S.K.: 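Input: one structure, supplied below.
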Amino acid sequence: MRAGLSRLLPGLAVRAADFDWPKSFPNAEADVQQFLIGAKVIAVERRAKVLLIELSTKYTLVIHLKMTGQLVFRSAKASFGAGHPNRSLIGELPDKSTRVTLMFTDGSRLFFNDQRKFGWMRLLPNAEVPQLDFFKKVGPEPLAADFTWQAMRGRLVRRSNTNIKAALLDQTVIAGVGNIYADESLWGAKIHPATLVKNLSTRQFHSLYDELVYVLKLSIEKGGSTDKNYVDAEGRHGSYLSFARVFRREGQACPRHPGTLIQKLRVAGRGTHICPRCQRLKH
DNA sequence: CACTTGACCTGTCCGC
DNA sequence: TGCGGACAGGTCAAGT
């Protein structure tokens, strides 16, 4: 999504903004008038699951999409009326789950849609972004050059008494791993998600690292795991889920064991998908 | 401090 | 067809 937005937004100037749900954009109106209206987009960055739209006013739009957030860009002449190929995906915007609309001076618009209202967007002075509690506590980027398998093990063992799935989902341990990539990488490494971190072998840490890096890179290449709720910056869905081996594949054959069916269980309070043959829980 | 659970919301699906 | 409950890609605060 960052890559898509950074092809579309830099250079555009904000002409106006509309808001629906206060928690989706908690800034005061005065901030909006002073630091958003008239601002030009400089760049689009990302840290963990947070998008950062940097503005010419030295303010940044900080965005977390949470479970159901979407950012959809529409150029001035885009029409999504009946007959448009993308109509089945979203249709005309704004719609009833549009929380924020940014209108640019060239007539294009960026819509922040969020059915469940968990996501948010806020304006912050550039210097305050790293001071957010989330950024102070968040772990390292798994695709950074210095994130080796040893570095990953070093982070995970901070949660040695909990299960590996909970540790992977903990954003203060490693940044950006969510439910899909946790399940996919654990299947790849043949590790049961309820395995305690302290019981993982060196080989398992190494394998989990390889598999996590693999699924993250593959997903970025495929445009992400968007299906029902997320779409990319131009309103298209990513295709990673069609490559997923276990996620939302309960009852289907394990790709490694055609005779074994994927099971769904609950680990760390989340729906969790495993192959019961390759991912065994030993004690 | 480490770890787990409920809350924040809306919509959909499934069993009765 | 209606109704209650479980569930959905993620954090947070409050609990033990």
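To find a chain, count down the sequence lines: A is the first, B the second, and so on, and within it residues start at 1. Please read all numbers here as calculations on a predicted model, not as lab measurements.
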S.K.: If we ignore angles and hydrogens, is there a donor and acceptor under 3.5 Å between the side chains of Lys264(A) and Thr272(A)?
M.R.: no
S.K.: Using only side-chain N and O atoms of Thr162(A), determine if any of them is under 4.0 Å from OP1 or OP2 of dT4(B).
M.R.: yes
S.K.: Stacking between Phe118(A) and the base of dC9(B) (centre distance under 5.5 Å, interplanar angle under 30°)?
M.R.: no
S.K.: According to a strict under-4.0 Å criterion, is Arg158(A) in side-chain N/O contact with OP1 or OP2 of dA2(B)?
M.R.: no
S.K.: Rounding to an integer number of angstrom, what distance separates dG6(B) and dG5(C) when you compare their P atoms?
M.R.: 15 Å
S.K.: Respond yes when some side-chain nitrogen or oxygen of Lys96(A) is under 4.0 Å from OP1 or OP2 of dG11(B), and no when none is.
M.R.: yes
S.K.: Has Lys117(A) got a side-chain N or O lying under 4.0 Å from the OP1 or OP2 atom of dA7(B)?
M.R.: no
S.K.: Using the P atom on both, measure dC9(B) against dA14(C) and round to a whole Å.
M.R.: 15 Å
S.K.: Look at all strands and tell whether Gly119(A) reaches a base, only sugar-phosphate, or nothing, counting heavy atoms closer than 4.0 Å.
M.R.: nothing
S.K.: Quick one: are the ring centres of Tyr181(A) and Tyr240(A) less than 6.0 Å apart?
M.R.: yes
S.K.: Runs of at least three consecutive Watson-Crick or G-U pairs, both distances under 3.5 Å, are what I'm after; which ones involve DNA chain C?
M.R.: B:2-8 with C:10-16, B:10-16 with C:2-8
S.K.: Within the pair Lys49(A) and dG10(C), is there a side-chain N or O less than 4.0 Å away from OP1 or OP2?
M.R.: yes
S.K.: State the CD-NE2 distance between Gln252(A) and His273(A), to the nearest 0.5 angstrom.
M.R.: 10.0 Å
S.K.: OP1 or OP2 of dG10(C) sitting under 4.0 Å from any side-chain N/O of His64(A)?
M.R.: no
S.K.: Examine the base of dG9(C) for any acceptor or donor lying under 3.5 Å from a partner atom in the side chain of Arg116(A), and report the outcome as yes or no.
M.R.: no
S.K.: Round to a whole Å and report the spacing from CG of Leu216(A) to P of dG9(C).
M.R.: 17 Å
